[in-house]
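Small disclaimer: the values here were computed from a predicted structure and weren't measured. Counting begins at 1 with the first residue of the sequence.
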Amino acid sequence: MLRNMFKKTYTLIDTKYNEIREERNKEPNIPEGLWRKCNKCRQPIYVEDVKSNFYVCPKCGGYFRVHAYRRIEMLVDEGTFEEWNKEMEFSNPLDFPGYEKKVLAVKEKTGLNEAIVTGKGLIGGLPAVIGVCDARFLMSSMGRNVGEKITCAVERATKEKLPVILFCASGGARMQEGIVSLMQMAKTSAALKKHHEAGQLFISVLTDPTTGGVTASFAMLGDIILAEPKALIGFAGPRVIEQTIGQKLPEGFQRAEFLLEHGFVDMVVERKNQKEILERLLRMHQSGISFFDGGVRKLRKEGMKTVSKGGETLEQSRNRINHNRPAWDVVQLSRKSDRPVASDYISVLFDEFTELHGDRYAKDDGAIIGGLAFFHGIPVTVIGQEKGKNTKDNIHRNFGMPSPDGYRKALRLMKEAECFGRPVICFVDTPGAFCGLEAEERGQGEAIARSLYEMSALKVPVLSVVIGEGGSGGALAMAVADEVWMLENAIYSILSPEGFASILWKDSKKAPEAARVMRITASDLYARGFIEKIIPEGEEFTLNSLPEAAKLMEEDIVEFLEKLEGRSGESLAEGRYQRFRKM
């Protein structure tokens, strides 16, 4: 009897336990169409919340893949999108068995004719040709029709002088089309080359996933390359790489942030900010407002201040430069930790600065900051050698000593400025180029030499301002300009006074004497014709007093651009050559 009682008790406990376990394992009761499960955090999420959040999970921030037409709705001004080449005849170049049936099934399921939608629309009122890949269609693999749609869109954009924006997503080449698919890589790339040579903008936006032949062709050829957070981007897929090398890949490998760090994308942009960023980039490249379109005549805006602090005129400010300060004192002032850095000048002098990143080869160097901005409504390219403001920032900026990657980033931005007719304004502030082992491995000398070589022939105005230290070839690599200016207490030299004294006198303690004999101050260099202008600082030059100096610089930049207006690109390059030829 006792045995039966225990047996019933155990049976009851076991039944209750199973009921609890089953209840825990039950899927939440989700009404069809109202809720779905996030494929990242596995939590139930309300569909309307996802839509209003740009198809980003409101709980974990995970990105859902967006259908092509939904993407267009989020970006293009309502009612302005005109689709091109919507219907294309099916192509099966290899007569691959079952391919047509598979494509027909995908067409029926997605409502798409192919894996990309192309057309023209307005973004913030500005026209652009737009292409959006849709991963639902055979993982947006690139076959003949995808390549043809992209090529046709780019060709028409070139003819109509319109920018191109392509949202890329792909598993790569379409295997069923064999070598015909492979040839689309060359075809799309060649069309974009013609577009570039015509001086037209191409923005590539990399979404999850962008891999294979698409990565190795049109996706990575943008004048500006944006990426969505955590998007998988790479040539070979992670599994292929792991199987090939037999190693586990590091966390975050081939993700958008990894590519940003390694210099291959300009920005990682959250989906909610993409329309704003794209609109700004389109405005900065809008035809009719570049230096060569007569925009300089608009520079002298009403209300430009001509009186500095204390009622002193700008000309009076210029006349108070101290030309008799001992050279070593100037060296010390140029190195002060609270001295304004390049980004400070950029924030005071320019509007809507949009930083771009990377050299497109190996790295994004924190010692070089650069991007696009407006100067009184005129698009310009601004580049600066950037020192840190605290220990952590100095480490990130490598104390203002650029690596080869930094010089290649700067040169990439300069060449892009040349393509679109934008003046280049550089802020020089470096003890010298970084001389570490990795810098030599990546070609420090070649990077500096290439910068001198290319800057000498840029067909747009180039202005360089030495704002702190101008150390050796590391400074000259950003100072092959139409004019070079210096702040009153900046220096510009073949190397540091300490290095000079060590090499010539075998005694670095003689640095103060070396500073005197080297003639490295702004006053010395102006007197000898190596620079065109000195910008006064005042006695205590800090971030608080920067606006006063910036007023002078602003007026001078306007004058500089007005002086060069009307000159052809060839004339600008020749004038720059003659400037250095006589030195």
**Message:** Using only atom types and a distance under 3.5 Å, with no angle test, would you say the side chain of T354 pairs donor to acceptor with the backbone of E352?
**Reply:** yes

**Request:** Would you kindly say whether E469 and Q385 are connected by a side-chain donor-acceptor distance under 3.5 Å?
**Result:** no

**Request:** Report yes if the side chains of D344 and V348 come closer than 4.5 Å at any heavy-atom pair, otherwise no.
**Result:** no

**Message:** For the residue pair R325 / T521, report whether a side-chain donor-acceptor contact shorter than 3.5 Å exists.
**Reply:** no

**Item:** Non-hydrogen side-chain atoms of V480 and F580 separated by less than 4.5 Å
**Value:** yes

**Item:** Pairwise side-chain contact, D223 with H196, heavy-atom cut-off 4.5 Å (strictly under)
**Value:** yes

**Prompt:** Without hydrogens or angle criteria, can the side chains of H285 and E416 be said to hold a donor-acceptor pair below 3.5 Å?
**Reply:** yes

**Prompt:** Taking atom CG of L546 and atom OH of Y345, what is their separation to the nearest 0.5 Å?
**Reply:** 5.5 Å

**Prompt:** Looking at side-chain heavy atoms only, is the closest gap between T430 and P402 below 4.5 Å?
**Reply:** yes

**Prompt:** Are S343 and E386 close enough that a side-chain donor and a side-chain acceptor fall under 3.5 Å?
**Reply:** yes

**Message:** Counting only heavy atoms from other residues, nucleotides and ligands, does the tally under 6.0 Å from OH of Y361 exceed 12?
**Reply:** no

**Prompt:** Side chains of S204 and C168: does their closest heavy-atom pair fall under 4.5 Å?
**Reply:** yes

**Item:** Test item: R576 and D482 side chains (from C-beta on) under 4.5 Å apart, heavy atoms
**Value:** yes

**Complete:** CD of E418 to CG of L411, rounded to nearest 0.5 Å, is 9.5 Å

**Message:** Could you report the tightest heavy-atom contact between L452 and L476, atom names first, then the distance?
**Reply:** CD2-O, 3.5 Å

**Asked** If you measure from SG on C419 to CE on M414, what distance do you get to the nearest 0.5 Å?
**Response** 15.5 Å

**Mutual orientation of the aromatic rings belonging to F350 and F427 [parallel < 30°, tilted 30-60°, perpendicular > 60°]** = perpendicular

**Request:** Compare all side-chain heavy atoms of L278 with those of L226 and state whether any distance is below 4.5 angstrom.
**Result:** yes

**Request:** Grab the two heavy atoms, one from S493 and one from M518, that are nearest each other, plus how far apart they are.
**Result:** CB-CE, 3.9 Å

**Asked** Checking side-chain contact (heavy atoms from CB on, under 4.5 Å) for the pair F375/D351: CA distance, chi angles, key distance, verdict?
**Response** CA-CA 6 Å; F375 180 74; D351 298 318; over 6 Å; no

**Request:** Considering only NZ, NE, NH1 and NH2 on the basic side and carboxylate oxygens on the acidic side, decide whether R335 and E498 come within less than 4.0 Å.
**Result:** yes

